[in-house]
Each structure stands twice: as structure tokens, then as C-alpha cells.
Q: 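The structure is given below, and queries will be raised subsequently.
Proteins come first, then strands; the chains are lettered A, B, ... in the order of their sequence lines, and each starts at number 1. Everything quoted here is computed from the prediction, not taken from an experiment.
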Amino acid sequence: MTSRIIDLLRVGQPAQNVTVQGWVRTKREQKEFCFIEVNDGSSLVGLQAILSPDLPDYANQIKRLSTGASVEISGSLVESPAKGQRIELQASQITVYGEANPETYPLQKKRHSFEFLREIAHLRARTNTMGAVFRVRNACANAVHQFFQDRGFLWMHTPIISANDCEGAGELFTVTGLDLKNIPKTAAAEIDYSQDFFGRRAFLTVSGQLEAEIMAMAFTNVYTFGPTFRAENSNTSRHLAEFWMIEPEMAFCNLDGNMDLAEAFLKHIFKSVLEACPEDLEFFNQRIDNTVLATAENIISSDFPRITYTEAVSLLEKADRKFEFPVAWGLDLQSEHERYLAEELFKKPLIVTDYPSAIKAFYMRQNDGEPDDRKTVRAMDILAPKIGEIVGGSQREERLEPLEQRIQQAGLPVEELWWYLDLRRYGTVPHAGFGLGFERLVQFMTGMTNIRDVIPFPRSPLNAEF
RNA sequence: UGCUCCAUAGUUCAACUGGCAGAACGCGCGGCUGUUAACCGCGAAGUUGUAGGUUCAAAUCCUACUGGGGCAGCCA
């Protein structure tokens, strides 16, 4: 039976009749015999196999082996006489499934730049760093579900195609079945979407939040975890056109409960991934960013400071440094401000609450009893060192009339949100939730600086080849 | 989208102020009794991103285009 390499390495004991399958990472040919390192993706470290000349067809098989070749090797696991590994595979039989011509195979044993690897995204998963990234990404996803399932949250599959463009969360991708060579037009010479597949204009979703609110009004606690899309022309190391978002939504919950959940959530994810992928995180700490492990420990053990927007502004005003953008009550915090707070002042993630209502979304709960020029909403952002805003959430406006007012003020069509308003008409309840970019979480955890390197097939402007 | 930097061997980078395009790794061949992204020797490998321009002479200077990085905006 075939073993996964991670299992053999974890047990670390000699054994008979072992078979592994995988891809050759490196071949070290000696006069008398040959070493190869085989990796099957189950762990960062591969298994060293020793091929000796008494193997059938030795000379020929050795020639076919090179970095990238796929093999199956059977033999005995023995204690290694040399330093570097506890056990190794003494091969008695080897099958080369597929060769990888070393003259043309683009991956070499040594390090490549991430920019180069993005051009060969179909092969980059076979590298150390990408292997570690995608194992951590998987462990993260697993931890997300575990966290919510343990707390009785229902995973809700919100639609990927949505006709709702009222959320105002950025540019949308239009989904159409219209014949682009012959687009039907209205009398006003505009595209006639009434003839389109859905009888109206449809988009790829930018967020499952409004739908999650619907489901929370029946199941109390729910979460979404799926792809979302933004057609923004954003060229940064923190943005993708297609990314995965996690959005819990809780009925009978206020902003404090929301913050408590978000903080417990981040702590749980870091803890789980540390347990699931210790070697991979050690690798990131060594090769990518030497603060990764300290950051993880810091997240798990320390409380996140919580300050209001108003307090944040006064801290920034007192800061002993110059900012490019002005700081004043009413203006949104810029990247440089968020980074100053998280990286220099607090040196850990912090939560900023109660932002001016003018700069926040219509669905956020208005604070009571404030003067007109100082109105704030029950919003909260978690700001993390290096990547900035990692969580954005709020208590939602559960009162019908203030919500209608806010929709109008935002210039959005009240009639199209009739179903959202119905939630306030029938059995409304204080509720809250937050959204979290999954890739940013993986970035935060691994120290990878470019978001395109924490998703297998990144979608960004001018990039959709793989 | 704005600002800015960059594009040279398969890869990562050199090439001073415009003057013969180089190194390391990878690859090939040879050597090596246990290697560790091995080591030692030899070798092949280039229309300097594309299109124009200036010049006796352009990788180097100018223009446009294409692609990429960083920062910013939008946000997650």
C-alpha cells in the first residue's frame, strides 16, 4: 500500500515494504549510488531515497530521473547512517511515471522569484514556498469551518450571481447571456437587460452579507465562506479581482459580541494552524518573514486593544511624525494611519470602533444621542500590522425608519431593497456581523507579501491565464 | 487609475560617465565510497521586452508601446 510521506516522517521508524509516490525534488548522483528526494505534497520535507546499482535497469532509470519527474518507489524504510534525516528509503523497485526533461523543465532546485513563479502557476505548487502556502491555506479553511461549526453557526451558501447592486462595495462584474455581437438596445439606446437571461442586469457577488442577514433572521447564527468578485482596477499586493470572504452574521448580537467573536475567531485560526502546520510556519519564519511565529504567539495570547475612531484620531494627532494625508475627525483613516496604529503604536492587531456615519455603509447601526455633526455608527475594523484592515464589521441598523433614511441619503433605490427592509418590518432584532478576506488572513499568517502568492490561481487586472 | 522603479543566458543578477555582453545557479559531459537545494573540473547557452529615433558607436541616451514590481486610491 502507498504511504503519504508526512505519515512516514511523523512515525520516523524503520519499516518493511513501504511504497511512496511523488515528484523528484533533487537528484544527487554518486559514483556508487544515487540519492533522490521525493515530495508528494504532504509535507515540506521530502523523503530521501537511496538507489543502488543492483536495482533492475539502474543506469537507464537513473537517467530518466531529474527534478520534476514523477516516481513510485518501493523498498525498506531504514535508519539513516548520515545526518540530515532520521529515516530514508532503501529502494528495491522504482517506476518512473513521467520524465521531466531538465533542458526545458522551468523549475530548478534553487530559489525562484515569486514573479517568475506566477508565470508558471501550473507548476509553482511544486515549490517549497507554494507547497507551504497551500497547506497553510487549507488548514486555515478547515479551522474556519471548525470554529463556526463548534459554535453552532450554519454555513450558508449565498449566491455567486446576484442582481443586487445596491451594496456599494465597489465595481461589479456583469454576468450576461446576451449576444455581445448583437446587443439589444432600449429606445434610449441603452443595453436592454430585460432581454437578458434573468430579465434584468446581473452581477458577480461582491459580498454575501445581505443574504447572510436574511438567513440569520431564521437561524440566529450563520456564516458564509465563498468567492466574491470586484472589478476594481486595483494593482496592489493586497487586492484580487476574485477572492474568498468569510462573513458571520449573528442575530441578538451587538457590537461587543461581534468584536468578541472576531477576536476569538482570529485566535482560534492561528492556534489551529500552528498545530496543523508547524513545519510550514517554521519555514515561513525562517525564509519569508522572521516575525511570523512571534506574531502568531502574540495574537493567541494577548487581547486586542479596542479604541473608538475618535480616540484613534486624537492618537494620530498626537503622533510624533508626519503623515502624508491629513488627520481630522470626519476623514477616513488612510493606510499610513492604520499602519502607524497597528505597527508602531500598539504593535499588534487593534480594533477601531464607532466611525463617522458619513464614511461608512448604509446598513450600519447609528449610535443614539449624538449631535448632527458628530454622528457615528457601530462599526468596527480590526487593523493588523503589515496588511492593514483584516476584518470589517458592524452592528446592523435594525430599525426600519433610520435604515430607510440612510438608504435614501446614500442615494440608493429604496424600492429595490424592499426585501432587506422587510427584515426590519417583521420580527426585527439587533444583529451584527463582520467580513474577513480569506487571502489576507493567509497573508497575515504566512508573512507572504503579495496576495497573488497565497491563492492558487490569482485573478487580477490582466491576469487570468491559469 | 495615479506616482515611481524595472525589463540583459533557462533562473537570479553584473556590465563605472555611450566604447569587445560577464558571473553564479541551473543544464550537459567527466570525476568523487553517504550526499543534504552536495562537492571538484570542463562545456554549451544572448537579435540586451517590442517598435522607432539620436550617434562614428546604444544594454546604456530619447519617444511610444507591452509586461512586471513597489507605494497610493478603491476595499477585504
Side-chain angles (χ1 to χ4, degrees), chain A residues 24-37 39 44-53 63 66-68 78 80-85 88 90 100-120 127-129 167-171 206-209 227-247 287 323-325 332-339 359-361 381-384 387-393 434-444 449-453 455 460-463 465:
Chain A
V24 174
R25 280 294 174 80
T26 165
K27 174 171 81 164
R28 293 181 288 270
E29 208 176 338
Q30 310 271 304
K31 190 180 185 185
E32 299 291 333
F33 45 87
C34 177
F35 297 95
I36 59 171
E37 189 184 323
N39 191 293
L44 185 70
V45 185
L47 182 66
Q48 173 164 281
I50 289 86
L51 314 176
S52 67
K63 257 189 211 136
S66 59
T67 304
V78 299
S80 176
K83 282 180 195 166
Q85 60 282 315
E88 61 190 22
Q90 191 80 49
N101 182 356
E103 295 281 1
T104 56
Y105 186 62
L107 287 174
Q108 58 188 34
K109 298 193 254 188
K110 299 273 179 178
R111 134 163 242 296
H112 289 285
S113 68
F114 294 127
E115 292 83 10
F116 172 70
L117 291 175
R118 267 174 236 149
E119 293 169 4
I120 49 166
T127 63
N128 280 338
T129 303
E167 216 215 320
E171 294 292 312
V206 295
S207 161
Q209 181 199 311
T228 51
F229 307 86
R230 304 280 164 90
E232 303 282 349
N233 192 6
S234 296
N235 293 289
T236 82
S237 54
R238 308 183 310 282
H239 291 85
L240 290 166
E242 174 179 314
F243 64 100
W244 285 58
M245 194 146 67
I246 298 154
E247 295 169 297
R287 298 287 187 99
F323 294 111
E324 196 186 331
F325 289 88
D332 205 356
L333 301 182
Q334 301 291 319
S335 278
E336 57 172 342
H337 306 140
E338 298 180 347
R339 292 184 65 148
I359 58 171
K360 286 293 184 183
D381 284 355
I382 301 186
L383 310 179
I387 55 171
E389 185 184 333
I390 186 169
V391 169
F434 62 85
L436 172 137
F438 184 58
E439 283 75 19
R440 288 199 183 163
L441 181 64
V442 179
Q443 260 191 294
F444 191 28
T449 52
N450 196 312
I451 199 165
R452 296 166 197 190
D453 298 324
I455 184 167
S460 56
L462 300 173
N463 183 359
E465 183 165 7

Q: Please tell me if the side chains of A:Ile455 and A:Phe243 come closer than 4.5 Å, counting only heavy atoms from C-beta onward.
A: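 A side-chain contact is absent here, since even the closest heavy-atom pair is not under 4.5 Å.
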Q: Mind calculating the distance between NE2 (A:His239) and P (B:rG73) to the nearest angstrom?
A: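 Answer to the nearest Å: 9 Å.
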Q: State which of B:rG34, B:rC27, B:rA72 makes the closest approach to the side chain of A:Gln334.
A: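 The closest nucleotide is B:rA72.
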Q: To the nearest 0.5 Å, tell me how far A:His112 NE2 sits from A:Phe114 CZ.
A: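 Nearest 0.5 Å value for the NE2-CZ distance: 11.5 Å.
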Q: Would you say B:rC32 has OP1 or OP2 under 4.0 Å from some side-chain N or O of A:Arg28?
A: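 So the side chain of A:Arg28 is outside the cut-off, no N or O lying under 4.0 Å from OP1 or OP2 of B:rC32.
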Q: If you look at every strand shown and take non-hydrogen atoms under 4.0 Å, does A:Glu338 touch a base, only sugar-phosphate, or nothing?
A: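 No contact at all - A:Glu338 keeps every heavy atom at 4.0 Å or more from the nucleic acid.
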Q: Using the C1' atom in both, what is the distance from B:rA15 to B:rG22, to the nearest Å?
A: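 These two C1' atoms come out 7 Å apart once rounded.
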Q: Both A:Phe325 and A:Glu242 contact RNA chain B. Which one's nearest nucleotide lies toward the 5' end?
A: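 Looking at RNA chain B, the more 5' nearest nucleotide goes with A:Phe325.
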Q: Suppose we define a pair by two distances each less than 3.5 Å, Watson-Crick or G-U wobble; what does B:rC61 pair with here?
A: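 Across all strands, the one nucleotide that pairs with B:rC61 is B:rG53.
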Q: Taking for each residue the nucleotide of RNA chain B bearing the nearest heavy atom, is the 5' side occupied by A:Gln90 or by A:Ser66?
A: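 Closest to the 5' end, via its nearest nucleotide, is A:Ser66.
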Q: Let's go through A:His337 and A:Phe325 carefully: what are the C-alpha distance in whole Å and the side-chain angles of both, what is the deciding distance for ring pair (Phe, Tyr, Trp, His ring centres under 6.0 Å) to 0.1 Å, and is it a yes or a no?
A: CA-CA 9 Å; A:His337 306 140; A:Phe325 289 88; 7.1 Å; no
Q: Assign A:Gln30 to base, sugar-phosphate, or nothing according to its heavy-atom contacts below 4.0 angstrom with the strands shown.
A: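 Here A:Gln30 touches the bases of the nucleic acid.
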Q: Could you tell me the separation between the CD atom of A:Glu119 and the P atom of B:rU12, rounded to a whole number of Å?
A: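 Result: 8 Å.
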Q: Assess whether one donor atom and one acceptor atom, taken from the side chain of A:Glu115 and the base of B:rU11, lie less than 3.5 Å apart.
A: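 No, no donor-acceptor pair under 3.5 Å.
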Q: For A:Ile390, report the nucleic acid contact type (base, sugar-phosphate, nothing); a contact means any heavy atom under 4.0 Å.
A: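 It contacts sugar-phosphate atoms only.
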Q: Students often get this wrong, so: under 4.0 angstrom with heavy atoms, is A:Arg287 touching a base, only sugar-phosphate, or nothing?
A: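 Base contact.
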Q: Using purine N1 to pyrimidine N3 plus N6-O4 or O6-N4 for Watson-Crick, or N1-O2 and O6-N3 for G-U wobble, both under 3.5 Å, which nucleotide pairs with B:rA72?
A: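 B:rA72 is paired with B:rU1.
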Q: Just to verify, what does A:Arg25 make a salt bridge (charged side-chain N to carboxylate O under 4.0 Å, His left out) with, not counting sequence neighbours?
A: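 Listed in chain order: nothing, the list is empty.
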Q: Give none if B:rG67 has no partner; otherwise give the nucleotide forming a Watson-Crick or G-U wobble pair with it, both distances under 3.5 Å.
A: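 Because both required distances fall under 3.5 Å, B:rG67 counts as paired with B:rC6.
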Q: Is B:rU47 paired to anything, Watson-Crick or G-U wobble with both distances less than 3.5 Å, and if yes, which nucleotide?
A: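 Partner of B:rU47: none found under 3.5 Å.
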Q: Please work out if A:Phe438 contacts a base, only the sugar-phosphate, or nothing of the nucleic acid, heavy-atom cut-off 4.0 Å.
A: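 If one applies the 4.0 Å heavy-atom cut-off, A:Phe438 turns out to touch nothing in the nucleic acid.
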Q: Can you identify which nucleotide, out of B:rC27, B:rC75, B:rG34, has its nearest atom closest to the A:Arg238 side chain?
A: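 In terms of side-chain proximity for A:Arg238, the closest of B:rC27, B:rC75, B:rG34 is B:rC75.
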Q: Measuring only the C1' atom in each nucleotide, how far is B:rG19 from B:rU55? A whole number of Å is fine.
A: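 Rounded to whole Å, the distance is 12 Å.
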Q: When rounded to the nearest Å, what value does the distance between P atoms of B:rU11 and B:rG46 take?
A: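 That atom pair is separated by 13 Å.
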Q: Say we look at B:rC39 and B:rG34: how far apart would their C1' atoms be, to the nearest angstrom?
A: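 About 13 Å, rounded to a whole number of Å.
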Q: With rounding to the nearest 0.5 Å, note down the distance linking CD in A:Glu439 to CG in A:Asn450.
A: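 Spacing of CD (A:Glu439) from CG (A:Asn450) equals 12.0 Å.
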Q: Reckon A:Glu324 touches a base, only the sugar-phosphate, or nothing at all at heavy-atom distances under 4.0 Å?
A: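 The residue A:Glu324 makes no contact with any strand.
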Q: Using a 4.0 Å heavy-atom cut-off across all strands, classify A:Leu240 as base, sugar-phosphate, or nothing.
A: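 Counting heavy atoms under 4.0 Å across all strands, the contact made by A:Leu240 includes a base.
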Q: Treating A:Asp381 as the side-chain partner and A:Leu383 as the backbone partner, does any N or O pair qualify as donor plus acceptor under 3.5 Å?
A: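 No; zero donor-acceptor contacts below 3.5 Å.
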Q: May I ask you to say what A:Ser237 touches in the nucleic acid, namely base, sugar-phosphate or nothing, with a heavy-atom cut-off under 4.0 Å?
A: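 Result for A:Ser237 = sugar-phosphate.
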Q: Expressed in angstrom and rounded to an integer, what is the separation of A:Glu232 atom CD from B:rG73 atom P?
A: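 Taking atom P of B:rG73 as the reference, CD of A:Glu232 is at 13 Å.
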Q: Applying a 3.5 Å limit to both distances, which nucleotide forms a Watson-Crick or G-U wobble pair with B:rC39?
A: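 By the stated definition (distances under 3.5 Å), B:rG31 pairs with B:rC39.
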Q: Counting any heavy atom closer than 4.0 Å, what does A:Ser113 reach on the DNA or RNA strands: base, sugar-phosphate only, or nothing?
A: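 Sugar-phosphate only.
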Q: Just verifying a value: how many Å separate A:Glu32 CD and A:Ile50 CD1, rounded to the nearest 0.5 Å?
A: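 So the CD of A:Glu32 and the CD1 of A:Ile50 are separated by 14.5 Å.
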Q: Verify the contact: side-chain N or O of A:Gln48 to OP1 or OP2 of B:rU35, cut-off strictly under 4.0 Å; return yes or no.
A: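 No, outside the criterion.
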Q: With sugar-phosphate meaning primed atoms plus P, OP1 and OP2, does A:Ser234 contact a base, only sugar-phosphate, or nothing at under 4.0 Å between heavy atoms?
A: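 Base, at least one base heavy atom under 4.0 Å.
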Q: So if I take every side-chain heavy atom of A:Lys31 and compare against B:rU33, B:rA72, B:rU35, which nucleotide ends up nearest?
A: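 Nucleotide nearest to A:Lys31's side chain: B:rU33.
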Q: Specify the separation, in whole Å, of atom CZ of A:Phe116 and atom P of B:rG68.
A: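 Nearest whole value for this atom pair: 15 Å.
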Q: If I pick the P atom on B:rU50 and the same atom on B:rA9, what distance separates them, to the nearest angstrom?
A: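 After rounding to an integer number of Å, I get 11 Å for this pair.
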Q: For a quick check of understanding: with a heavy-atom distance under 4.0 Å over all strands, which category does A:Glu336 fall into, base, sugar-phosphate or nothing?
A: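 The residue A:Glu336 makes no contact with any strand.
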Q: Tell me which nucleotide, if any, is Watson-Crick or G-U wobble paired with B:rC13 when both distances must be under 3.5 Å.
A: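 Paired with B:rG22.
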Q: For A:Ser335 and B:rG73, is the shortest distance between a side-chain N/O and OP1 or OP2 below 4.0 Å?
A: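 Checking A:Ser335 against B:rG73: at least one side-chain N or O falls below 4.0 Å of OP1 or OP2.
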Q: Write down the distance between CD (A:Glu29) and C1' (B:rG34), rounded to a whole number of angstrom.
A: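 These atoms are roughly 15 Å apart.
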Q: If I pick the P atom on B:rC29 and the same atom on B:rU47, what distance separates them, to the nearest angstrom?
A: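 The answer is 24 Å between these two P atoms.
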Q: Please determine, for the side chain of A:Leu462, which listed nucleotide (B:rG67, B:rU11, B:rG28) has the closest atom?
A: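 Per side-chain heavy atoms of A:Leu462, the pick is B:rG67.
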Q: Give a yes/no answer on whether the side chain of A:Arg452 brings an N or O atom under 4.0 Å of OP1 or OP2 in B:rG69.
A: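 The answer is yes; a side-chain N or O of A:Arg452 sits under 4.0 Å from OP1 or OP2.
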Q: Would you kindly give the CZ-to-P distance between A:Arg230 and B:rG73, to the nearest whole Å?
A: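 About 16 Å, once rounded to whole Å.
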Q: Quote, to the nearest angstrom, the C1' distance that separates B:rU12 from B:rA45.
A: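 Rounded to whole Å, the distance is 16 Å.
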Q: Using a 4.0 Å heavy-atom cut-off, does A:Arg111 contact any base of the nucleic acid, only the sugar-phosphate backbone, or nothing at all?
A: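 The residue A:Arg111 makes base contact.
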Q: How many angstroms lie between CG in A:Asn463 and CG in A:Asn235, if you round to the nearest 0.5 Å?
A: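 Between atom CG of A:Asn463 and atom CG of A:Asn235 there are 10.5 Å.
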Q: Could you check whether A:Asn235 gets within reach of a base, just the sugar-phosphate, or nothing at all, counting any heavy atom under 4.0 Å?
A: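 Base contact - A:Asn235 has a heavy atom under 4.0 Å of at least one base atom.
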Q: Among B:rC74, B:rU35, B:rG69, find the nucleotide with the atom closest to the side chain of A:Thr236.
A: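 It is B:rC74.
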Q: Rounded to the nearest Å, what distance is computed from the CG atom of residue A:Leu333 to the C1' atom of nucleotide B:rC74?
A: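 Going from CG in A:Leu333 over to C1' in B:rC74 covers 15 Å.
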Q: Quick check: does any side chain N or O of A:Arg230 sit under 3.5 Å from a backbone N or O of A:Val206, one acting as donor and the other as acceptor?
A: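 Looks like yes, one N/O pair under 3.5 Å.
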Q: Report which part of the nucleic acid A:Phe35 touches: base, sugar-phosphate, or nothing (heavy-atom distance under 4.0 Å, all strands).
A: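 Base contact.
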Q: Would you confirm whether A:Thr228, through its side chain, and A:Ser207, through its main-chain N or O, come within 3.5 Å as a donor-acceptor pair?
A: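 Side chain of A:Thr228 to backbone of A:Ser207, a donor-acceptor pair under 3.5 Å: no, none is there.
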Q: P atom, B:rU8 versus B:rA14: distance in rounded Å?
A: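 The answer is 10 Å between these two P atoms.
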Q: Return the value, rounded to whole Å, for the distance between atom CD of A:Glu32 and atom P of B:rU33.
A: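 To the nearest whole Å, that distance equals 7 Å.
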